[in-house]
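Below you'll find the structure, written out as structure tokens, and then a few comments.
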Amino acid sequence: MRYDLVIFDNDGVLVDSEPISNTLLAGYLTELGHPTSYEESLRDYMGAAMHRVHDVVLERTGQRLPEDFDDVFHVRVFAAFERELEPVDGVVEVLEKLTADGVPYCVASSGSHERIRVGHRKTGLDKWFGDERIFSSQDVGRGKPAPDLFLYAAERMGVPPEKCLVVEDSPLGVQAAVAAGMDVYGFTAMTPAERLDRADELFDDMRELPRLLG
């Protein structure tokens with residue numbers, strides 16, 4: 001295999017959370033007087049850390065979001081996860097294959113550690129991701145599209161960037177992986193392929209990934 005480490009994004013790659021979280025984010029921003037459609041939320045915030053939401057709203061409107069914005073949003077998201085969240089179709093088979101082949105893997109997500117763990121417990125992916133395999137934008141100063149998170153994950157896992165593959169479904173994530181000097185495969189199940197055109201490979205079915213890895 002060409003890579004010594006596979007780094008997965010979480011939302012939309014491991015857990016099918018993007019429709020849930022972006023529906024809720026669009027609704028909450030609209031509720032606060034910042035009209036946002038589901039499609040606009042995907043376009044502007046998919047794959048980003050929460051600080052990007054604050055930054056974009058402030059830049060566009062000159063207004064700051066409430067201090068408890070993140071807390072209220074996460075309460076809503078976690079409640080919805082408990083009702084609705086599922087693993088991405090085919091991802092368990094991929095994790096089984098990587099484990100059987102002895103290929104190291106981890107997750108590097110813009111979401112908080114709590115968000116990652118809540119989603120993994122609900123979907124059963126906690127079986128595959130112990131604490132030593134979980135990295136969050138909380139661990140670094142800047143979230144995606146900065147390369148910091150991916151570089152931090154690679155360092156902690158003991159693998160040089162050029163031997164890492166990132167699996168991403170957001171333009172911000174692809175940008176971060178490229179900036180980190182890593183190969184990146186774009187998962188297009190939810191994201192139009194043209195928005196991930198900087199990726200080295202594109203695929204729309206998670207079961208294709210082992211074949212692409214070689």
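Annotation: side chain of V13 is not in contact with side chain of V91 (no heavy-atom distance under 4.5 Å). M190 places a side-chain heavy atom less than 4.5 Å from the side chain of L42. Side-chain contact between Y105 and T99 is present, with heavy atoms from C-beta onward closer than 4.5 Å. Side-chain contact between L209 and F8 is present, with at least one heavy-atom pair separated by less than 4.5 Å. Two residues are said to be in side-chain contact when any heavy atoms from C-beta on lie closer than 4.5 Å; R64 and H54 fail this criterion. Side-chain contact check for V94 versus P210: some heavy-atom pair is nearer than 4.5 Å.
Contact detail for D169 and M46: the closest heavy-atom pair is OD2-CE, 3.0 Å. Closest of all the heavy-atom pairs between T191 and P171 is CG2-CD, 4.5 Å. Between G111 and I116, the shortest heavy-atom contact is O-CD1, 3.9 Å. Closest approach of V15 to V88, counting heavy atoms only: C-CG2, 3.7 Å. Smallest separation of non-hydrogen atoms from V174 and A199: CG1-N, 3.8 Å. Of all the heavy atoms in L172 and G47, the pair that sits closest is CD1-C, 4.4 Å.
No close placement of the F135 and F150 rings is indicated, their centers lying 6.0 Å or farther apart.
V75 belongs to no hydrophobic cluster, as no Ile, Leu, Val, Met, Phe, Trp or Tyr side chain comes under 4.5 Å of its own.
In summary, E18 and R43 do not engage in a salt bridge, as defined by a charged side-chain N under 4.0 Å from a carboxylate O. D44 has a carboxylate O that lies under 4.0 Å from a charged side-chain N of R60, or vice versa, which qualifies the two as a salt bridge. Ion pairing of K122 with E82 is absent here, as no side-chain N (NZ or NE/NH1/NH2) approaches a carboxylate O to less than 4.0 Å. With respect to the salt-bridge test (charged N to carboxylate O, under 4.0 angstrom), the residues R117 and E114 do not qualify.
R115 forms no cation-pi arrangement with F78, by the criterion of a distance under 6.0 Å to the ring centre and an angle within 45° of the ring axis.
In summary, of the residues considered (I7, L213, V184), a side chain to side chain contact (heavy atoms under 4.5 Å, CB included) with L165 occurs for L213 alone.
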Under 3.5 Å, which donor-acceptor pairs do the side chains of residues 139-149 form with other protein atoms, sequence neighbours left out?
residue: D139; atom: OD1; partner: H113; partner atom: NE2; Å: 2.9
residue: D139; atom: OD2; partner: H113; partner atom: NE2; Å: 3.1
residue: D139; atom: OD2; partner: S136; partner atom: N; Å: 2.9
residue: R142; atom: NE; partner: D148; partner atom: OD2; Å: 3.4
residue: R142; atom: NH2; partner: D148; partner atom: OD1; Å: 3.0
residue: K144; atom: NZ; partner: D9; partner atom: OD1; Å: 3.0
residue: K144; atom: NZ; partner: A108; partner atom: O; Å: 3.2
residue: K144; atom: NZ; partner: E168; partner atom: OE2; Å: 2.6

What pairs of donor and acceptor atoms, side-chain ones from residues 151-161 against any protein atom, are under 3.5 angstrom apart with sequence neighbours left out?
residue: Y152; atom: OH; partner: R156; partner atom: NH1; Å: 2.6

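The closest side-chain donor-acceptor pair between Y45 and N22, if any, does not fall under 3.5 angstrom. No donor-acceptor contact under 3.5 angstrom links the side chains of T188 and D204, judged on distance only.
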